[in-house]
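Structure, as structure tokens:
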Amino acid sequence: MATILRKIAEQLLSRTTFSDLAMDRARDAAVDTIGCMIAGSGDESVAGLTRAFDGEIAGGDARLVTGGSASPSFAALINATAAHALDFDDNFHPARAHASAVLVPALLAVLTRGKATSGRRFLEAYLAGLEAQATVGFGVNPSHYNIGWHATATVGSIGAAAGVARLLGADENDLVAAMSLATSFACGPKGQFGTTAKPLHAGIAARNAVDAARMALAGMSGRPDILERPQGFLDLFGGDDARGWDGLTFEAEHIIESRGVVTKRHPCCASTHRAIDALLDLKQEHGLLAGDIARIETKVGISAARNLAYPAPIDEMQARFSMQYCLATAFLEGSLSLSDFTRQEIGRAEIREFMPLVEMQSYSADEEKGVERLPHVVTVTMRDGRILNKSRLHAQGSLEAPMSVHERELKFIDCLRWGNRNVSGASFLQLRGLADSENLSRDDPFWSLITDRQSP
């Protein structure tokens, strides 16, 4: 009987053609992630890594978003940490992971000298890694995520290893070995949210994916049944409610077509996004003013409430995981941008005065049992006694409420500006032509827009 990893490998190798829709969505995810890499390149989490490994990073064939080059392993570590540093990168619900922040930097890291590929093959490897993440997540989520594992670092690592191995030309046995080895690297507690260790989880996962794939191609391997066997991934990481893979099926339609990735419109934890969108909906629909509001109550999922552990954040990282800060700022400013998450901004008196009006509660375990997804609800109590409600099942940027090309471009330009890069719509258009590149490599011109800083 085929193991789960072998079933995944067989599926990835059997999918030899991809629809235009799947390729377009993969391209959009890659461009969005590169923008987030650029924006996060100056973050303290990235600076800390470069200080920690200063003598070991210099040299190597893989390009760094911070400039220069390093080994593929270190490039994946640094670039993926940058991609996730500002929590502006996409979400992928089937894996409960920041899929692209792991996948895109890991794939870019193996484009070393002599390892050029076509843009289309790069995106096909991305789609393979995404499908692998979804399949691993199928067996353990949401239980795995709800008990406290950051699936970006666990499920993301295993699935991305398959994508990297696919890009490097792996056969079925190599794909199985890469995913099995990556399972031994998987770790990352959600208790680290609100610290620089959180974006590091994406960096570690990308590095693990690169290392596992290269080890597999060099002949190393692990158990092909490590997901489902006793003392394997499901047994140790799944939690009490994990379903396993008995009901696993593969559809003709790729997961990016049926589920998509959620492109973030707000640079903060996704657990805040549906509440932010609901509150902004109410503000627009009713012309709400700050002075008219007595109380704002939010009802979110259990895991979301646990993620948002900072009602009174003291720095910009904690602010990204504060429902109180995110809702107060979004309401007062009308939107959220990268510039709202600085030490100076989070201390503004008007925001601090508004934050105590925001309360958060979660659904009960009984309400969530057997339900994949419940809406997040915002209830606004007005000073005149009126009570207004709004619920959102899907955030802006999801498949159900997609961002336009123009909105994607505005986000990308915001990322360029925040990363101190030359701001130009031409850069966005250049990257959107990724699939047409015949010789994508470390020397591709698009690296100049990623690494070249704005002239003084």
Side-chain angles (χ1 to χ4, degrees), residues 40 43-46 48-49 52 76-78 80-87 89-103 105-106 133 136-137 139-161 179 181-209 211-212 226-227 231-242 268-272 300-311 313-323 360 362 365 368:
D43 189 72
E44 176 54 31
S45 58
V46 178
L49 279 178
L77 174 69
I78 291 168
T81 299
H84 194 38
L86 305 179
D87 238 287
D89 53 299
D90 66 35
N91 288 98
F92 182 50
H93 291 312
R96 295 293 195 279
H98 292 268
S100 301
V102 179
L103 264 168
Q133 286 194 41
V136 175
V140 296
N141 281 320
S143 179
H144 171 74
Y145 186 84
N146 288 345
I147 63 172
W149 289 109
H150 188 195
T152 299
T154 54
V155 174
S157 178
I158 301 167
M179 289 184 284
L181 292 167
T183 305
S184 289
F185 298 153
C187 190
K190 289 200 296 174
Q192 297 282 29
F193 284 14
T195 74
T196 54
K198 203 260 188 176
L200 178 62
H201 286 174
I204 291 171
R207 181 183 66 184
N208 289 345
D211 288 349
I226 195 59
L227 293 188
Q231 298 186 333
F233 188 68
L234 176 64
D235 195 359
L236 299 176
F237 287 75
D240 293 337
D241 299 321
C268 50
C269 178
S271 296
T272 67
V300 301
I302 294 171
S303 64
R306 289 174 179 168
N307 291 346
L308 304 174
Y310 301 96
I314 61 173
D315 59 33
E316 60 270 39
M317 186 63 78
Q318 289 187 6
R320 296 185 183 102
F321 294 86
S322 171
M323 180 68 87
M360 180 176 65
S362 70
E368 287 197 352

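Computed from a predicted model, the values in this text were never measured in an experiment.
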Quick check: does any side chain N or O of [X] sit under 3.5 Å from a backbone N or O of [Y], one acting as donor and the other as acceptor?
X: K190; Y: Y145; value: yes
X: N141; Y: A95; value: yes
X: S157; Y: A186; value: no
X: Q133; Y: A97; value: no
X: S143; Y: G238; value: yes
X: R306; Y: I147; value: no

Gap between atom [atom2] of [Y] and atom [atom1] of [X] - 0.5 Å precision:
X: L77; Y: N208; atom1: CG; atom2: CG; answer: 9.0 Å
X: L236; Y: I226; atom1: CG; atom2: CD1; answer: 8.0 Å
X: I158; Y: S184; atom1: CD1; atom2: OG; answer: 9.0 Å
X: T152; Y: N91; atom1: OG1; atom2: CG; answer: 7.5 Å
X: R207; Y: T81; atom1: CZ; atom2: OG1; answer: 9.0 Å

Report the C-alpha separation of L308 and C269 in whole Å, then their side-chain angles, then the decisive distance to 0.1 Å, and conclude whether the side-chain contact (heavy atoms from CB on, under 4.5 Å) test is met. CA-CA 8 Å; L308 304 174; C269 178; 4.0 Å; yes

Least distance between heavy atoms, [X] atom then [Y] atom:
X: A80; Y: G203; answer: CB-CA, 3.6 Å
X: L234; Y: A242; answer: CD1-CB, 3.6 Å
X: V102; Y: A160; answer: CG1-CB, 3.6 Å
X: A153; Y: G188; answer: CB-CA, 4.0 Å
X: I314; Y: Q318; answer: N-OE1, 3.1 Å

Residues at least two apart in sequence or cross-chain that pass salt bridge (Lys or Arg N to Asp or Glu O under 4.0 Å) with D90, listed by chain then number, are none

Show me, pair by pair, the donor-acceptor contacts under 3.5 angstrom made by side chains of residues 193-202, not counting sequence neighbours?
from : atom 1 : to   : atom 2 : distance (Å)
T195 : OG1    : Q192 : O      : 2.7
T195 : OG1    : A197 : N      : 3.1
K198 : NZ     : H84  : NE2    : 3.0
K198 : NZ     : D87  : OD2    : 2.9
H201 : ND1    : H150 : ND1    : 2.8

How far apart are the C-alpha atoms of V300 and M360, what are their side-chain angles, what is the distance that settles it, and do they pass the side-chain contact (heavy atoms from CB on, under 4.5 Å) test? CA-CA 7 Å; V300 301; M360 180 176 65; 4.1 Å; yes

Could you please spell out the steps behind the side-chain contact (heavy atoms from CB on, under 4.5 Å) verdict for N146 and I302? CA-CA 8 Å; N146 288 345; I302 294 171; over 6 Å; no

Under the ring-ring contact (aromatic ring centres under 6.0 Å, His included) rule, collect the residues that match up with F237, sequence neighbours excluded. W149, F233

